[in-house]
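Please read the structure below before turning to the comments.
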Amino acid sequence: MADWQTLREKMGLPEMSPYYDRAWAQFDPATAQGPLLDRAFIREHIDLFRFSEELLGAIFHAEDCILADADALLAAHFLYQAIFTLKKPYTGPYVMGLYPAALGDISGLFPLCVLLRNAPRAYAAILEHGLDVQDVTGNFRSLNSFTHQDGEGRWKLDGVGWCIICITEYLNTVGTLRFAPAVIEDTFTVYRSRKSGECRTLIAGDRGIRADGLLANSAEDTAYTTRWAEGPGFVEACEVRRDGFVLPEAVRIELAEWEAVLGPGDAALEYHIPTAKNYTPENCADSFEKAIEYFEAHFDDLFIKGIWCYSWLYCPQLRAVFDGRESGILRMQEALRLVPVQSGPESFQPFVFDVPHGTKPEDLPEDTFLRRALKQAMLRGDYLCTGGVQLPKDEIAAVRKGGMSA
């Protein structure tokens, strides 16, 4: 049997996480037989997906092409298992795209076939865990809404990473937000004072930081690199202010006085904001508390240590963009614990301006104050990035009050 890298290169797939090499060692090729899709299930539950007959025909044609290509079939079965069954799908690594160039015009439907294989298993799990069937299966429709045709009629599933969690049992609405389990990555750790309960966020070492205190995207915009040192009973590292900016000077904390409460490898709930309606500190805090109780009740293998999110709403530069103007967005930022996220202004285009990635700043609409202010910032060349929230569950009560310790 070929190794994963040989198969990946043969199929024309991009470089992927080292995780897939480890997963290959657990993969039994004898399980890579037969159809990918349960076509009867898909047709019986077509209302869950809302595929048009044209798209459904294209999906089944793509599967036929995969079944006729031994390498493509092997890759599809392996990737399905690597994403959905050899680990929990929410544990990462995040998948940006699975488009094998070797499949030509159907390459854009290859990831859709891989993801749809999980539909019957996810549906059964939703029933087994006693979840709200209408709510959770409603996420299945994302596979339809994220699939588009190009000018030459070729279909492609965009947003593969998001669609992966949508075709599982894990994305649930609780209160005013949608939640799914997540695992905190290796960049930030929140420590809590054993005496006062005060929290502070430290950033891992060897992270490039811009002059303005945000994560750098390249060597050219790196002003300095963070450091991290551990010794008997202490940690020295750069600190992240509560508003999401990294401070250049390392601080030292004594572990007899501070304990790590939310960091790399910890289970958290990642939340998604379906609408700005009722998006307040009070409602978010209520949703956070209810969601932790809900997930721990329905998934007995979860012990949630905090809350995680990334969104343009947590852009640390928004305070400067608003230039003293009051905003509910800023009120939310003040209530949470922010961290910077490596990204750029393109993150704002589909979500704030409702235009495709890559739209030129001069072509962006400016029909609201927010759009006008952000457009002007981009035209000036100001740097804008997505921000994140990394919040220990002990601080949720403070969110309801509108703020917390630094």
Side-chain angles (χ1 to χ4, degrees), residues 1-38 42 55 58-119 121-122 142-168 183 185 217 342-343 346 356-358:
M1 178 179 61
D3 61 71
W4 164 239
Q5 292 301 331
T6 300
L7 179 61
R8 180 189 63 76
E9 291 174 3
K10 189 172 182 180
M11 291 304 304
L13 286 162
E15 290 280 349
M16 298 176 70
S17 164
Y19 159 74
Y20 292 94
D21 295 288
R22 299 191 298 272
W24 186 263
Q26 304 175 56
F27 172 61
D28 180 0
T31 62
Q33 307 294 325
L36 282 172
L37 305 182
D38 185 336
I42 294 172
L55 175 53
I59 293 168
F60 291 164
H61 169 69
E63 186 199 17
D64 288 338
C65 294
I66 293 168
L67 292 172
D69 183 325
D71 289 327
L73 185 61
L74 182 63
H77 277 286
F78 165 67
L79 287 167
Y80 164 71
Q81 292 186 32
I83 293 168
F84 292 105
T85 67
L86 294 178
K87 64 171 182 60
K88 300 290 186 183
Y90 59 80
T91 60
Y94 194 79
V95 177
M96 298 299 292
L98 295 172
Y99 312 115
L103 292 181
D105 288 350
I106 68 157
S107 64
L109 289 178
F110 178 83
L112 185 53
C113 290
V114 172
L115 270 59
L116 278 172
R117 180 168 176 77
N118 197 55
R121 189 214 59 79
S142 291
L143 275 67
N144 178 54
S145 58
F146 277 80
T147 303
H148 308 283
Q149 273 182 303
D150 64 16
E152 299 182 9
R154 292 172 298 211
W155 293 94
K156 180 182 179 182
L157 175 68
D158 293 317
V160 175
W162 168 248
C163 288
I164 285 172
I165 205 67
C166 288
I167 197 68
T168 71
V183 174
E185 297 183 354
N217 290 316
Q342 199 169 39
S343 63
E346 66 279 357
H357 284 292

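Position 1 is the first residue of the sequence, and the numbers go up from there. All heavy atoms count here, side chains included; hydrogens, waters and symmetry mates do not.
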With a 4.5 Å heavy-atom cut-off, do Asp71 and Leu7 have their side chains touching?
yes
With rounding to the nearest 0.5 Å, note down the distance linking CZ in Arg121 to CD1 in Ile167.
9.5 Å
Separation between CG of Leu115 and CG of Leu98, rounded to the nearest 0.5 Å:
7.5 Å
Flag the pair Asn118 / Ile83 as yes when at least one side-chain heavy-atom distance between them is below 4.5 Å, and no otherwise.
no
Can you sort out the partners of Asp64 under salt bridge (Lys or Arg N to Asp or Glu O under 4.0 Å), two or more places apart, ordered by chain and number?
Arg39
Is the side chain of Glu63 donor-acceptor paired with the backbone N or O of Leu36 at a distance under 3.5 Å, no angle test?
yes
With a 4.5 Å cut-off on side-chain heavy atoms, are Met96 and Val160 touching?
no
How far apart are the C-alpha atoms of Ile59 and Leu37, what are their side-chain angles, what is the distance that settles it, and do they pass the side chain to side chain contact (heavy atoms under 4.5 Å, CB included) test?
CA-CA 10 Å; Ile59 293 168; Leu37 305 182; 3.7 Å; yes
In chain order, what residues pass the side chain to side chain contact (heavy atoms under 4.5 Å, CB included) check against Ala62, with sequence neighbours excluded?
Ile106, Leu109, Cys113
Indicate whether the side chain of Thr31 and that of Asp28 have a donor and an acceptor atom separated by less than 3.5 Å.
no
Nearest heavy-atom neighbours spanning Phe84 and Ile164
CE2-O, 3.8 Å
Hits for salt bridge (Lys or Arg N to Asp or Glu O under 4.0 Å) against Asp105, two or more places apart or cross-chain, chain-then-number order -> Arg154
Tell me which pairs pass side chain to side chain donor-acceptor pair (under 3.5 Å) where either residue lies in residues 89-99, with sequence neighbours left out.
none
Closest non-hydrogen atom pair, Asp150 against Glu152:
OD1-N, 2.9 Å
Would you mind reporting whether Phe27 and Leu74 have side-chain heavy atoms less than 4.5 Å apart?
yes
Just wondering, do Lys88 and Thr168 contact through their side chains at under 4.5 Å, heavy atoms?
no
Would you mind reporting whether Leu112 and Phe146 have side-chain heavy atoms less than 4.5 Å apart?
no
Under a 4.5 Å cut-off applied to non-hydrogen side-chain atoms, are His77 and Tyr80 in contact?
no
Of all the heavy-atom pairs spanning Ile66 and Ala76, show the shortest one and how long it is.
CG2-CB, 4.3 Å
Taking Gln342's backbone N and O only, do any of them form a donor-acceptor pair with Asn217's side chain (distance below 3.5 Å, no angle check)?
no
Minimum heavy-atom distance between Gly34 and Leu67, given as atom pair plus value:
O-CD2, 3.6 Å
Tell me, do Met16 and Leu79 make a side-chain contact under 4.5 Å, heavy atoms counted?
yes
Partners passing salt bridge (Lys or Arg N to Asp or Glu O under 4.0 Å) against Asp69 (at least two apart in sequence or in another chain)
none
Can you tell me how far OG of Ser107 sits from CG of Leu157, rounded to the nearest 0.5 angstrom?
11.5 Å
I'd like to check the salt bridge (Lys or Arg N to Asp or Glu O under 4.0 Å) partners of Lys87; sequence neighbours left out, ordered by chain and number.
none
NE2 of His148: more than 12 outside heavy atoms within 6.0 angstrom?
yes
Out of curiosity, Gln5 CD to Leu13 CG, how far, rounded to the nearest 0.5 Å?
10.5 Å
Would you name the heavy atoms of Ala75 and Met11 that are closest together and state the gap between them?
CB-CG, 4.2 Å
Check Phe110 against Ala72 and note the closest heavy-atom contact, atom names and distance.
CE1-O, 3.8 Å
Parallel under 30°, tilted from 30 to 60°, perpendicular over 60°: which one fits the rings of Phe78 and Tyr20?
perpendicular
